[in-house]
Number of protein chains: 2
Amino acid sequence: MTGKTQKRREALRAALIEAAERRIADSGFRGLTARDLAKEVGCAVGAIYTIFRDMDALAAAVNARTTARLEQAVAIALAGETDGDARRQLVLLGQTYFGFVLDNPRLWSAIFELGYRGEGDDLKPEAEHARLIGHVARPLERLLPDMEAARRLLVARSLFAAVHGIVSLGQQSRFMPVPPSEVSAQIAFIIEAFCDGAVRRRQGEREA
Amino acid sequence: MTGKTQKRREALRAALIEAAERRIADSGFRGLTARDLAKEVGCAVGAIYTIFRDMDALAAAVNARTTARLEQAVAIALAGETDGDARRQLVLLGQTYFGFVLDNPRLWSAIFELGYRGEGDDLKPEAEHARLIGHVARPLERLLPDMEAARRLLVARSLFAAVHGIVSLGQQSRFMPVPPSEVSAQIAFIIEAFCDGAVRRRQGEREA
DNA sequence: CATGGAAATGAACGTCGTTCAAGGATTATT
DNA sequence: AATAATCCTTGAACGACGTTCATTTCCATG
């Protein structure tokens, strides 16, 4: 019957992440405190540190969960439209990203409010990020067929970053506030302009 | 000789902002503490609160200074190239933005790490932001002459946001790290693609 | 020079993340 | 089943943080 403590640890870990997520979701990243959390899950403050190195590691775990949910939302949105043209898919992708941010503003902000992570960390969000970029790269594959894969990944990354920038500045009430519908239009505009420009540039290269 | 205290207050204010800026520049936003700051400028901790409502207000003052310097850098870069075509100017603008971020990474990050500002604040960064967007809108004026000014401001804003996104994700070592030269290339790429797409779309509208 | 009011002081307060000696639980041994 | 050995959890304690406020110090004025 080896592993009774282990079960308890796993349960506590899950409870901690869930409670922390709830707290971040409706009080923001700074509203996450060790004492409140311990009270909410019914454990001692020290217990948190038997599972996570520090509070940042706990926040990182919540962020990983958020990123996974975002990736899932994107995957679901794209599932129903595999046959449409690339432009429409990319726009849909951008709108889904924006929609997710509108639905989970504080959880999404927490991803970027967390400072630089140390190196000795067991968390690997890179895989989730790669899958996210993959969702962008796939439509690009049809739009720019004869581009080398590595280069296409970089293009996908910059397109993603561009949309991210629009959403990011759109969320900040300072920096010229803009209504959501306008942000949505800006996303569509930049994606389509980007696509047009990219294929045109590619065709120009071919002729030369 | 009325106003000796006032002079001292102004000197203290300047010293506080300067010291806070130094501290943020080489220790990051979180490295700014009231006690260290007081020790550095040689005043009591309470003195800070006779000039700033709280530490966030001080950070906001530093951020305003940073934004002003960014705007100045952009203005200088554009001053020597008023006659070039719009695309080149916009790319130059993006590179200047990126260069500024490379030179002042922590000061720039502080702008976005500061949480939501209260309403009863005497600081108005909006003017500086408007001037920044103005530098983007001016070249666009030549690129899209028959677009209404308000719409062009929105386009300028999304182009700025797109470049900001690329720089922003480029600065985060997580999220697929990319060398500066590649970030620079991505900026040029997205700006030119954006311009191509925008004018093409505009011409298409005209024909229809 | 005296004096009234404004401004600076720094000890004190409450809260934060984090630690660690002490105590309790779980497993291994007889 | 009882004891020993090991691990784990606990929550009071620590240092540092932002912020406040009774006290002291200073300056402009009569």
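We name chains A, B, ... by the order of the sequence lines, and we start the count at 1 in each one. Predicted model only: the values in this text are computed from it and were never measured.
Atom CD1 in A:Ile48 sits roughly 10 Å away from atom P in C:dT18 (whole-Å rounding). Rounded to an integer number of Å, the gap from NZ of B:Lys7 to C1' of D:dA28 is 16 Å. Rounded to an integer number of Å, the gap from CZ of B:Arg8 to C1' of C:dA8 is 8 Å. Summarising the geometry, the separation between CD on B:Gln6 and P on D:dA28 is reported as 10 Å, rounded to the nearest angstrom. Computed from coordinates, the B:Arg13 CZ to C:dA7 P distance equals 15 Å when rounded to whole Å. For B:Leu37 and C:dT9, the CG to P distance is 13 Å, given to the nearest whole Å. The interatomic distance linking B:Lys39 (NZ) with C:dT9 (P) rounds to 15 Å, in whole Å.
For B:Phe189, the ring pair (Phe, Tyr, Trp, His ring centres under 6.0 Å) partners are A:Phe194, not counting sequence neighbours.
Distances shown here put a side-chain N or O of A:Thr50 below 4.0 Å from the OP1 or OP2 atom of D:dT9. Taking only side-chain nitrogens and oxygens, A:Arg9 comes nearer than 4.0 Å to OP1 or OP2 of D:dT9.
Contact check for B:Arg142 versus B:Gln89: side-chain heavy atoms found under the 4.5 Å cut-off. Between A:Ile51 and A:Leu58 the shortest side-chain heavy-atom distance does not fall below 4.5 Å. Within the 4.5 Å cutoff, side-chain heavy atoms of A:Arg9 are placed close to those of A:Thr50.
The aromatic rings of B:Trp108 and B:Phe112 stand perpendicular to each other, their planes meeting at an angle above 60°, with 30° marking the opposite boundary.
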All N/O pairs under 3.5 Å across the protein-nucleotides 15-17 of chain C interface:
from   : atom 1 : to      : atom 2 : distance (Å)
C:dG17 : OP1    : A:Leu32 : O      : 3.2
C:dG17 : OP2    : A:Ala34 : N      : 2.9
C:dG17 : N7     : A:Arg35 : NH1    : 2.7
C:dG17 : O6     : A:Arg35 : NH2    : 2.7

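Annotation: of the two residues near DNA chain C, B:Leu12 and B:Val45, the 5′-most nearest-nucleotide partner is B:Leu12.
The shortest non-hydrogen separation linking B:Ile24 to B:Phe29 is CG2-N, 4.2 Å.
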